[in-house]
Amino acid sequence: QVRLDESGGGSVQAGDSLRLSCIVTGVSASNYHMAWFRQAPGKEREGVAAISFGSAGKDYADSVQGRFTISRNNGKAMVFLQMNNLKPEDTAIYYCAAGRYIFASPATRDPTKYEYWGQGTQVTVSS
């Protein structure tokens with residue numbers, strides 16, 4: 001059974017930092033592109049950041065570029081999202097997702113490319 005378990009969410013003030021973690025079990029994470037998505041109440045799901053299976057490729061949403069950093073540790077089957085200078089508009093449930101690598105496919109923030117999803121972790125940023 002494949003599981004993605006997120007942790008690290010919480011309630012912080014604007015300007016603070018949080019580090020989200022996601023651990024993957026049931027598949028070999030090194031064969032998967034990984035990504036973080038978020039969804040705020042009343043809004044569509046947004047792809048925040050993606051990282052290729054070997055970490056060579058990364059992609060960020062314009063809204064988080066320069067503030068968020070995605071990384072991974074395949075030995076530990078984990079992916080991380082370091083979030084700095086948080087803003088109230090970053091408030092959302094954050095989801096970790098895994099999409100199997102297919103030859104030459106890039107890391108992408110397209111949710112249709114990801115077949116496994118976590119349950120999400122809440123991030124709340126107050127002004």
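Residues: numbered from 1 along the sequence shown.
- A distance of 8.0 Å separates OG1 in T69 from CG in L81, rounded to the nearest 0.5 Å.
- Follow the hydrophobic side-chain contacts under 4.5 Å out from V27 and you reach I51 in the same cluster.
- L86 and V48 end up in the same hydrophobic cluster when Ile, Leu, Val, Met, Phe, Trp and Tyr side chains are linked at under 4.5 Å.
- When atom types are taken as modelled, the side chain of T124 and the backbone of S11 share no donor-acceptor pair closer than 3.5 angstrom.
- In the model, D110 has no side-chain atom that pairs as donor or acceptor with a side-chain atom of T108 under 3.5 Å.
- When every heavy atom of A29 is checked against every heavy atom of R72, the shortest pair comes out as O-NH2, 2.7 Å.
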Side chain to side chain donor-acceptor pair (under 3.5 Å) evaluation trace for E46 with S63: CA-CA 10 Å; E46 175 188 20; S63 58; 3.1 Å; yes
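- With rounding to the nearest 0.5 Å, the separation of CG in D59 from CZ in R109 is 4.5 Å.
- The two residues C96 and V79 make their nearest non-hydrogen contact at SG-CG1, 3.6 Å.
- Residues passing the side chain to side chain contact (heavy atoms under 4.5 Å, CB included) test with E89 are K87, sequence neighbours excluded.
- Checked against side chain to side chain donor-acceptor pair (under 3.5 Å), S7 has no partners two or more places apart in sequence or in another chain.
- To the nearest 0.5 Å, atom NE2 of residue H33 and atom OG of residue S105 are 3.5 Å apart.
- Under the rule for a ring-ring contact (aromatic ring centres under 6.0 Å, His included), Y95 has no partner lying at least two apart in sequence or in another chain.
- The CD atom of E44 lies 13.5 Å from the CZ atom of R38; values are rounded to the nearest 0.5 Å.
- Ring planes of F68 and Y94: tilted class, angle from 30 to 60°.
- Surrounding NZ of K113 are at most 12 heavy atoms belonging to other residues, nucleotides or ligands under 6.0 Å away.
- Inspection of the Q1 and T25 side chains reveals no N or O donor paired with an N or O acceptor under 3.5 Å.
- Across F37 and A97, no two heavy atoms sit closer than the pair CE1-CB, 3.9 Å.
- Here the closest heavy-atom approach between residue R45 and residue Q39 is recorded as N-NE2, 3.8 Å.
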Side chain to side chain contact (heavy atoms under 4.5 Å, CB included) assessment of M83 paired with D90: CA-CA 9 Å; M83 305 186 295; D90 294 319; over 6 Å; no
Residue pair Q122, T91: steps toward the side chain to side chain contact (heavy atoms under 4.5 Å, CB included) verdict: CA-CA 8 Å; Q122 176 71 47; T91 295; 4.1 Å; yes
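- In the hydrophobic clustering of ILVMFWY residues, with side-chain heavy atoms under 4.5 Å counting as a link, I70 and Y101 come out apart.
- Put simply, V123 and F80 are part of two different groups of oily side chains (I, L, V, M, F, W, Y) that touch within less than 4.5 Å, one to the next.
- Under a 3.5 Å cut-off, the side chain of E6 and the backbone N or O of G120 do form a donor-acceptor pair.
- For the pair N74 (side chain) and A77 (backbone), a donor-acceptor distance under 3.5 Å is absent.
- Within a 6.0 Å sphere centred on CZ of R3, other residues, nucleotides and ligands contribute 12 heavy atoms or fewer.
- Residues M34 and L20 fall within the same hydrophobic cluster, defined by Ile, Leu, Val, Met, Phe, Trp and Tyr side chains chained together at heavy-atom separations under 4.5 Å.
- Ring orientation note: the planes of Y116 and Y32 are tilted relative to one another, at an angle of 30° to 60°.
- Taking all atoms of both residues into account, the shortest heavy-atom contact from Y60 to A49 is CD2-CB, 3.6 Å.
- Nearest heavy-atom pair across S17 and N85 is OG-N, 4.2 Å.
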Check against side chain to side chain contact (heavy atoms under 4.5 Å, CB included), Q82 and S71: CA-CA 8 Å; Q82 177 66 43; S71 61; over 6 Å; no
Output, in order, the C-alpha distance, side-chain angles, deciding distance and verdict of side chain to side chain contact (heavy atoms under 4.5 Å, CB included) for L18 and V12. CA-CA 8 Å; L18 280 174; V12 297; 3.8 Å; yes
